[in-house]
There are 2 protein chains.
Amino acid sequence: MKDSKKEFINPLFTVDSVLFTVVDNQLKVLLVKRAIEPFNGRWALPGGFVDVKQDDNTDMTAQRKLYEKTGITPKYLEQLKVFSGLNRDPRGFSVTLTYFALVAYEDTEPHINTVEEATWTEINELRNLPLAFDHREIIEAAFQRLQQKALYSMVPVYCCAEKFTVGQLKSVVEVIINKPLQRKSLMRRIEASGMFKEVDQKVQSGGRLAQLYSLKPDVDVVHFERNLGA
Amino acid sequence: MKDSKKEFINPLFTVDSVLFTVVDNQLKVLLVKRAIEPFNGRWALPGGFVDVKQDDNTDMTAQRKLYEKTGITPKYLEQLKVFSGLNRDPRGFSVTLTYFALVAYEDTEPHINTVEEATWTEINELRNLPLAFDHREIIEAAFQRLQQKALYSMVPVYCCAEKFTVGQLKSVVEVIINKPLQRKSLMRRIEASGMFKEVDQKVQSGGRLAQLYSLKPDVDVVHFERNLGA
DNA sequence: TAATTAAGTGTCTCAGTGACATTATTTTTA
DNA sequence: TAAAAATAATGTCACTGAGACACTTAATTA
């Protein structure tokens with residue numbers, strides 16, 4: 001039949017997500033332990049097959065798989081890249097669409113702790129962990145994308161709580177780009193982006209009280225014309 | 001069988017490419033006429049199914065399909081984005097991985113003219129053409145990516161011939177970003193990028209002879225820290 | 001009450017782009 | 001043949017936004 005021919009041609013298609021968060025001045029990636037072959041028992045990115053009945057598109061597949069495996073709904077989600085090839089999956093030619101996602105650690109803690117098979121892994125500890133498939137390479141690509149985006153946009157704010165101080169955002173960005181950042185530069189961008197509003201509330205921080213900011217509703221991420229920290 | 005279950009879950013997967021070129025101060029996209037259902041007879045992006053026997057990965061699928069349909073091997077090819085959904089293909093849930101590609105018109109002319117069913121369409125004329133699937137949306141996304149890249153990288157050079165003058169590249173960039181560009185700015189970037197070498201040859205251009213440049217072998221596209229033409 | 005700590009401001013420097021004048025070299029035209 | 005026109009290439013100044021860092025402000029802590 002025509003159908004079987006198409007199916008034969010069609011490669012294995014999956015969706016995987018690289019979910020980042022920042023906690024304790026460390027950049028962490030969410031890994032789940034595989035419970036089936038291949039790579040049974042290994043750490044892997046959360047993901048799986050599209051379910052045509054539930055998913056209107058692949059974005060929903062990514063969201064659904066993250067939620068099913070960890071109870072997390074990320075604040076930020078965008079496509080990263082497709083990885084494909086004959087050798088990346090022992091079952092044959094496979095294609096995985098990967099996503100790049102961010103959450104505030106505060107939004108995840110209650111969920112993640114109840115899930116036995118999911119864990120936050122510090123980005124540098126990955127070198128010692130054997131991962132399933134080419135997931136190490138995928139994480140590396142996601143990490144580079146995150147670093148780049150941190151230089152010309154405010155995406156790192158999605159690793160912050162709903163209300164955040166300049167100091168907190170500064171710390172998050174510094175962890176991501178792995179170098180010090182001028183507080184002044186960040187303040188200029190908060191102002192210039194127009195993405196944020198000052199919350200009528202301050203919070204203690206060891207010194208003078210810090211102004212809280214929050215995202216305006218329905219704003220898009222602004223892209224600047226220059227990079228930080230050349 | 002396990003296999004049949006997997007195949008059932010698997011959506012229809014295709015690869016499509018948005019191939020741009022610049023000629024006569026116009027930005028053009030390559031379209032091919034569909035010869036099968038659905039959308040038989042409509043203009044569409046060149047693409048098709050992965051052939052596991054021939055393709056090591058999806059990049060090769062994109063290249064192969066472009067070559068099969070038009071004889072063109074683009075100088076530049078990168079992943080754009082995945083488009084997916086239940087309604088974009090009448091056959092059911094489908095996923096298409098799209099690529100974004102550039103060629104010099106000079107490299108294509110002999111081929112394209114021999115192919116009845118392929119044509120270069122000016123980007124603004126697309127509004128009047130009914131395209132297959134969501135291909136108009138895909139082209140729009142590719143166009144925006146191209147415009148962005150032209151602001152912070154030298155990718156437009158892949159729309160130039162192997163040897164090109166500053167004036168030619170300037171003209172290509174201006175067509176892409178649709179605004180005038182300072183010759184001086186471009187020269188600074190040619191110098192700063194280190195991607196090019198001066199060819200020991202000049203060419204006439206109506207006035208003073210123009211220096212020819214060419215890409216150094218095996219260079220990566222340099223990304224600048226500022227955008228052009230704020 | 002003074003010291004400490006972190007928030008927030010003021011301002012100078014620096015680098016890269018935009019603008020545009022100037023010079024250089026070729027073709028075209030009177 | 002000389003002047004004009006055309007395009008290439010260079011020089012230089014202004015503008016903008018990031019980096020650096022001193023300074024002020026307002027809280028906690030000793």
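Throughout, protein chains are lettered first and strands after them, A, B, ... in sequence-line order, and every chain is numbered starting at 1.
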Should B:Gln182 be listed as having a side-chain N or O under 4.0 Å from OP1 or OP2 of C:dT17?
-> no

Between B:Ile177 (CD1) and C:dG18 (P), how many Å, whole number?
-> 8 Å

Assign each of B:Leu212 and B:Gly207 the nucleotide of DNA chain D bearing its closest heavy atom; nearer the 5' end lies the nucleotide of B:Gly207

Any side-chain donor paired with an acceptor under 3.5 Å for A:Thr61 and A:Asp55?
-> yes

Of B:Gln211 and A:Gly206, the one whose closest nucleotide on DNA chain D sits nearer the 5' end is B:Gln211

Write down the distance between CD1 (B:Ile190) and P (C:dG16), rounded to a whole number of angstrom.
-> 17 Å

CG of A:Leu186 versus P of C:dA7: gap in Å, rounded?
-> 12 Å

Can any side-chain N or O of B:Ser17 pair as donor or acceptor with the backbone N or O of B:Leu19 at less than 3.5 Å?
-> no

Nearest-angstrom distance from the residue atom CG of A:Leu181 to P of D:dA20 | 10 Å

Write down the distance between CE (B:Met154) and C1' (C:dT17), rounded to a whole number of angstrom.
-> 14 Å

On the ring face of B:Phe83, is B:Arg88 found with NZ or CZ under 6.0 Å from the centre and within 45° of the axis?
-> no

When the aromatic ring centroids of A:Phe20 and A:Tyr76 are compared, is their separation below 6.0 Å?
-> no

Please determine, for the side chain of A:Arg226, which listed nucleotide (C:dG10, D:dG17, D:dA26) has the closest atom?
-> D:dG17

Looking only at side-chain atoms of A:Lys184, point me to the closest of C:dG8, C:dT9, C:dA19.
-> C:dT9

Write down the distance between CZ (A:Arg183) and C1' (C:dG10), rounded to a whole number of angstrom.
-> 14 Å

Nucleotide of D:dA27, C:dG8, D:dG19 approaching A:Arg188 most closely (side-chain heavy atoms) | D:dG19

Counting side-chain heavy atoms from CB outward, which of D:dG19, D:dA27, D:dA18 is closest to A:Leu209?
-> D:dA27

Starting at atom CG of B:Leu228, determine the distance to atom C1' of C:dA19, rounded to an integer number of angstrom.
-> 14 Å

Verdict with supporting geometry, B:Arg136 and B:Glu140, salt bridge (charged side-chain N to carboxylate O under 4.0 Å, His left out) = CA-CA 6 Å; B:Arg136 173 172 286 109; B:Glu140 182 57 31; over 6 Å; no

Rounded to the nearest angstrom, tell me the gap between atom CG in B:Asn227 and atom P in D:dG17.
-> 12 Å

Between D:dG19, C:dC20, D:dA9, which nucleotide gets closest to the side-chain atoms of B:Arg208?
-> D:dA9

